[in-house]
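Note on naming: letters A, B, ... go to the chains in the order of the sequence lines (proteins, then strands), and numbering restarts at 1 for each one. Atoms considered below: every heavy atom in the structure, side chains included; atoms not considered: hydrogens, waters and symmetry mates.
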2 protein chains.
Amino acid sequence: MTGTRVTIGEAARRSGVPAKTIRFYEESGIIAPAARDTNGYRFYGESDVETLRFIHRARDLGFSLKDIGDLLALYRDQGRASRDVKDLALRHVAELERRIAEMTAIRDVIKTLAERCHGDHRPDCPILEDLAHVPQKVS
Amino acid sequence: MTGTRVTIGEAARRSGVPAKTIRFYEESGIIAPAARDTNGYRFYGESDVETLRFIHRARDLGFSLKDIGDLLALYRDQGRASRDVKDLALRHVAELERRIAEMTAIRDVIKTLAERCHGDHRPDCPILEDLAHVPQKVS
DNA sequence: CTTGACCTTCCACCGACTGGAGGGTCCAGC
DNA sequence: GCTGGACCCTCCAGTCGGTGGAAGGTCAAG
């Protein structure tokens with residue numbers, strides 16, 4: 001419980017979250033304001049670093065800071081229902097799938113147009129023709 | 001060539017680009033400053049509306065405003081090489097595929113974790129455990 | 001002459017940072 | 001004791017592609 005008191009730079013190294021981003025997280029309320037040393041420097045304990053790692057991992061998985069706030073609250077709530085966590089995760093999965101489908105559709109359109117483009121010195125190009133004449137919808 | 005002079009609202013209706021966004025495009029240099037009527041109102045001709053439709057379509061296909069500027073320049077350059085258009089398009093396809101792959105990997109991780117989560121009243125949850133203990137990397 | 005739908009400009013905000021200016025602190029070496 | 005470099009601090013601006021709103025001018029219908 002003595003806890004290793006580390007500076008923001010060391011917390012950054014241990015969590016993978018840049019110092020600047022840690023300050024930003026504090027500012028935006030996703031983490032509580034850090035304790036301060038007599039010189040005004042922030043310091044962090046082991047559990048703070050764990051929280052930062054949690055956030056880092058969740059960001060890597062594409063969760064918004066808003067969702068991460070909710071996930072952290074659930075994480076800390078011993079009486080949570082796993083249903084709430086699962087629901088949040090599945091909503092994120094649904095959103096990812098929506099975006100994947102959207103991007104895949106776009107990619108296919110452009111790829112098809114590019115395949116029909118000579119790609120040489122000549123100026124005629126189905127890609128520009130598509131953009132200019134807006135033939136069919138994508139979404 | 002007399003050209004139907006339309007207001008920004010009408011240009012918005014005809015192009016699908018909101019009036020506010022048209023002003024934003026002008027401000028950010030993607031389109032030239034519109035001509036002004038005696039009352040200071042912007043007005044747009046047929047070719048301006050076509051340009052806006054071009055941009056609208058290109059945005060739908062996920063091109064950045066920077067890329068759209070380049071595409072417009074190529075579109076207007078009668079002596080363009082279709083290679084340049086194709087290259088730009090294929091760079092965009094590559095970026096889309098990178099993002100699709102990234103999101104798909106993330107989705108699979110979360111989906112797998114969610115499948116292992118009871119999703120009921122009980123508090124134990126592999127999703128939170130993953131986030132807390134950061135077992136493997138995603139990217 | 002008023003009402004409402006337009007148009008104008010300017011400024012602020014979204015998400016999730018990132019970069020930089022300008023300044024304070026701390027420690028190691030000389 | 002002093003200097004240098006690596007930290008730390010706060011605050012402001014910029015990224016990208018808009019969107020929302022305030023405050024005010026214009027125009028046509030009733």
Rounded to whole angstrom units, what separation is found between the [atom1] atom of [X] and the [atom2] atom of [N]?
X	N	atom1	atom2	answer
A/R13	D/dC8	CZ	P	7 Å
B/F63	D/dC16	CZ	P	17 Å
A/I8	C/dC26	CD1	C1'	17 Å
B/F24	C/dC11	CZ	P	16 Å
A/R36	C/dT25	CZ	C1'	14 Å
A/F43	D/dC7	CZ	C1'	17 Å
B/D60	D/dG18	CG	C1'	14 Å
A/I55	C/dA16	CD1	C1'	13 Å

Would you tell me if any nitrogen or oxygen in the side chain of [X] comes within less than 4.0 Å of OP1 or OP2 on [N]?
X	N	value
B/Y25	D/dG17	no
A/T7	D/dC8	yes
B/R59	D/dG18	yes
A/S28	C/dA16	no
B/R42	D/dT26	no
B/N39	D/dG25	no
B/R23	C/dC11	no

Next on the checklist: For a 4.5 angstrom cut-off between non-hydrogen side-chain atoms, does B/I127 reach A/L88?
Outcome noted: no
Next on the checklist: To the nearest 0.5 Å, what is the distance between CZ on A/R36 and CZ on A/R42?
Outcome noted: 4.0 Å
Checklist entry - Going from CG on A/L128 to SG on A/C117, what distance comes out if it is rounded to the nearest 0.5 angstrom? => result 8.0 Å
Checklist entry - In terms of side-chain heavy atoms of B/T21, which of D/dG18, D/dC7, C/dA16 is nearest? => result D/dG18
Item to check | Nearest-nucleotide pick for B/P18, side chain only, options being C/dC26, D/dT19, C/dA16 | outcome: D/dT19
Item to check | Pairing of B/E46 and B/R53 as salt bridge, 4.0 angstrom limit | outcome: yes
Item to check | Any donor-acceptor N or O pair under 3.5 Å, side chains B/D67, B/H92 | outcome: no
Item to check | Check: D/dG21 base within 3.5 Å donor-acceptor of B/K20 side chain | outcome: yes
Checklist entry - Looking at D/dG25, does its base get a donor-acceptor pair with the side chain of B/Y41 below 3.5 Å? => result yes
